[in-house]
Amino acid sequence: MTFSVGDHVLHPLHGAGTITSISVRQTGSGAQKYYVLHLALDGAVVYVPISCCKQVGLRPVCSAQEAQCILCGEIGVLPPQPSDWGVRYRNNMERMRSGDIRKVAQVVCCLRQRNRRRALAGSEKRMLECAERILHSELMLAAGLSRDEVRQRLEQLWKRLR
């Protein structure tokens with residue numbers, strides 16, 4: 001899959017952003033082209049090699065219609081959360097890497113529910129922050145909302161899903 005300057009894309013572990021340019025950098029094996037991705041939430045810049053953007057998981061952001069479905073609470077059935085921390089962490093990380101916005105929303109919902117029942121481990125807190133960053137940034141770009149609007153609508157959603 002190829003992208004062009006101005007496309008909104010999602011990096012599965014950093015969040016959504018806009019491709020602002022394509023740069024050429026010298027590497028040990030010669031020149032390599034990179035997408036220059038400016039992230040929507042914090043303005044950070046991520047360089048993604050064009051030759052391996054499929055392996056990285058770079059994909060277009062979801063449609064506006066799918067974003068509205070997520071904001072209305074249509075995230076599907078929440079997966080079971082095993083009591084074994086390692087299994088739970090692996091399953092949630094797999095869902096985040098999938099690139100499916102519904103699965104990322106499920107990870108956020110499950111970790112928030114677990115946090116209400118008992119404190120999360122440090123790595124699960126970081127995972128929750130990362131999943132929320134990914135979800136917020138993709139919904140911002142897909143639905144054309146501000147960061148605060150997305151945060152408010154998702155807070156209402158999480159309260160409803162308790």
Side-chain angles (χ1 to χ4, degrees), residues 1 3 7-19 35 37-49 52-162:
M1 179 172 287
F3 301 103
D7 287 349
H8 296 302
V9 296
L10 178 96
H11 188 289
L13 294 178
H14 291 290
T18 305
I19 295 177
Y35 290 124
L37 176 64
H38 280 261
L39 300 179
L41 283 182
D42 56 7
V45 177
V46 177
Y47 290 85
V48 181
C52 64
C53 68
K54 187 175 181 177
Q55 292 92 343
V56 169
L58 203 65
R59 67 165 178 81
V61 296
C62 67
S63 67
Q65 180 183 0
E66 192 170 4
Q68 288 303 323
C69 289
I70 297 295
L71 291 169
C72 292
E74 298 173 18
I75 63 173
V77 178
L78 294 179
Q81 292 293 297
S83 59
D84 183 341
W85 174 87
V87 174
R88 189 173 60 248
Y89 184 85
R90 224 177 4 260
N91 291 346
N92 284 336
M93 187 56 80
E94 188 177 303
R95 284 185 197 91
M96 285 178 55
R97 285 187 183 134
S98 72
D100 183 357
I101 190 169
R102 291 181 195 275
K103 290 183 179 181
V104 174
Q106 289 172 354
V107 168
V108 172
C109 189
C110 289
L111 288 175
R112 283 177 152 263
Q113 286 178 353
R114 185 161 185 84
N115 192 33
R116 277 194 302 275
R117 289 192 304 265
R118 62 178 67 127
L120 293 175
S123 58
E124 285 183 310
K125 285 180 187 176
R126 287 188 297 277
M127 179 182 284
L128 175 59
E129 291 170 4
C130 181
E132 284 180 329
R133 185 176 61 244
I134 291 167
L135 183 63
H136 287 200
S137 64
E138 185 165 11
L139 291 174
M140 282 173 50
L141 291 178
L145 300 173
S146 72
R147 184 178 190 173
D148 290 333
E149 290 171 323
V150 169
R151 184 179 297 127
Q152 289 171 354
R153 292 188 59 183
L154 286 175
E155 285 300 324
Q156 292 170 357
L157 172 63
W158 306 140
K159 287 177 185 175
R160 262 192 327 203
L161 292 177
R162 282 186 184 177

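Just so we're clear, the structure is a prediction, and the values are computed from it rather than from any experiment. Below, all heavy atoms of this structure are taken into account, side chains as well, without hydrogens, waters or symmetry copies.
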K.L.:
Measuring from S137:OG to D42:CG, what's the distance to the nearest 0.5 Å?
P.N.:
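Reported value, rounded in 0.5 Å steps: 9.0 Å.
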
K.L.:
Under the side chain to side chain contact (heavy atoms under 4.5 Å, CB included) rule, what do L71 and L139 come out as? Steps first, then yes or no, please.
P.N.:
CA-CA 8 Å; L71 291 169; L139 291 174; 3.8 Å; yes

K.L.:
How many angstroms lie between atom CG of L13 and atom CD1 of I134, to the nearest 0.5 angstrom?
P.N.:
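One gets 5.5 Å once the value is rounded to the nearest 0.5 Å.
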
K.L.:
To check you understand the geometry: which heavy-atom pair defines the closest contact between A142 and A67, and what is its length?
P.N.:
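Looking at all heavy atoms of both residues, the shortest contact is CB-CB, 3.8 Å.
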
K.L.:
Is any side-chain heavy atom of H14 less than 4.5 Å from a side-chain heavy atom of L41?
P.N.:
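A side-chain contact under 4.5 Å is absent here.
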
K.L.:
At what distance, to the nearest 0.5 angstrom, does SG of C110 lie from CE of M127?
P.N.:
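Taking SG in C110 and CE in M127, the distance rounds to 11.5 Å.
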
K.L.:
Looking at R160 and C72, would you say the former's side chain and the latter's main chain have a donor-acceptor pair under 3.5 Å?
P.N.:
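Yes.
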
K.L.:
So, N92 versus R95: side-chain donor-acceptor pair below 3.5 Å or not?
P.N.:
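Note: N92 and R95 side chains meet the donor-acceptor criterion.
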
K.L.:
If you measure from CG on L37 to SG on C53, what distance do you get to the nearest 0.5 Å?
P.N.:
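One gets 11.0 Å once the value is rounded to the nearest 0.5 Å.
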
K.L.:
Can you see which heavy atom on C130 is nearest to which on M96, and at what distance?
P.N.:
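Residues C130 and M96, closest heavy atoms: SG-CE, 3.6 Å.
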
K.L.:
With rounding to the nearest 0.5 Å, note down the distance linking OG in S146 to CZ in R151.
P.N.:
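Going from the OG atom of S146 to the CZ atom of R151 covers 9.0 Å.
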
K.L.:
Between L39 and G15, which heavy-atom pair has the shortest distance, and what is it?
P.N.:
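Taking L39 first and G15 second, the nearest heavy atoms are CD2-O, 3.8 Å.
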
K.L.:
Does V108 form a side chain to side chain contact (heavy atoms under 4.5 Å, CB included) with L154? I'd like the steps, not just the answer.
P.N.:
CA-CA 10 Å; V108 172; L154 286 175; over 6 Å; no

K.L.:
Would you say V45 and H38 make side-chain contact, with heavy atoms under 4.5 Å?
P.N.:
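Heavy-atom side-chain distance check passes, below 4.5 Å.
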
K.L.:
Is atom CD of E149 surrounded by more than 12 heavy atoms (other residues, nucleotides or ligands) closer than 6.0 Å?
P.N.:
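Counting other residues, nucleotides and ligands, CD of E149 exceeds 12 neighbours.
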
K.L.:
For Q55, does the CD atom sit with more than 12 other heavy atoms under 6.0 Å from it, leaving out its own atoms?
P.N.:
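It does: Q55 CD has more than 12 such atoms within range.
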
K.L.:
One pair to check against side chain to side chain contact (heavy atoms under 4.5 Å, CB included): H11 and L58. What are the steps and the verdict?
P.N.:
CA-CA 5 Å; H11 188 289; L58 203 65; 4.2 Å; yes

K.L.:
Can a donor-acceptor pair be found, under 3.5 Å and without considering hydrogens, that links the side chain of Y89 to the backbone of S123?
P.N.:
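No, the answer is negative, given that no donor and acceptor are paired below the 3.5 Å cut-off.
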
K.L.:
Quickly, which of R133, K103, R59, R102 forms a salt bridge (Lys or Arg N to Asp or Glu O under 4.0 Å) with E138? Name it, please.
P.N.:
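The residue from R133, K103, R59, R102 that satisfies salt bridge (Lys or Arg N to Asp or Glu O under 4.0 Å) with E138 turns out to be R59.
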
K.L.:
Taking all non-hydrogen atoms of both residues, which atom of V87 and which atom of P82 are closest, and how far apart?
P.N.:
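Taking V87 first and P82 second, the nearest heavy atoms are CG1-CG, 3.6 Å.
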
K.L.:
What pairs with Q156 under side chain to side chain contact (heavy atoms under 4.5 Å, CB included), at least two apart in sequence or on another chain?
P.N.:
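Q156: no side chain to side chain contact (heavy atoms under 4.5 Å, CB included) contacts found.
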
K.L.:
Can you tell me which residue pairs pass the ring-ring contact (aromatic ring centres under 6.0 Å, His included) test with a partner in residues 92-114, sequence neighbours excluded?
P.N.:
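Sorted pair list comes back empty.
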
K.L.:
Of all the heavy-atom pairs spanning F3 and Y35, show the shortest one and how long it is.
P.N.:
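In this case the closest contact between F3 and Y35 is N-OH, 2.9 Å.
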
K.L.:
Can you tell me how far the CZ atom of R90 sits from the CG atom of D84, to the nearest 0.5 Å?
P.N.:
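Going from CZ on R90 over to CG on D84, the span is 7.5 Å.
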
K.L.:
Quick one: closest heavy-atom pair of G17 and L141, and the distance?
P.N.:
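Closest approach of G17 to L141, heavy atoms only: N-CD1, 3.5 Å.
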
K.L.:
When you compare the side chain of P79 with that of N91, does any pair of heavy atoms fall below 4.5 Å?
P.N.:
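In short, these two side chains do not touch, never coming nearer than 4.5 Å.
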
K.L.:
Evaluate the criterion side chain to side chain contact (heavy atoms under 4.5 Å, CB included) for residue pair R116 and Q113; output intermediate values, then yes/no.
P.N.:
CA-CA 5 Å; R116 277 194 302 275; Q113 286 178 353; 3.1 Å; yes

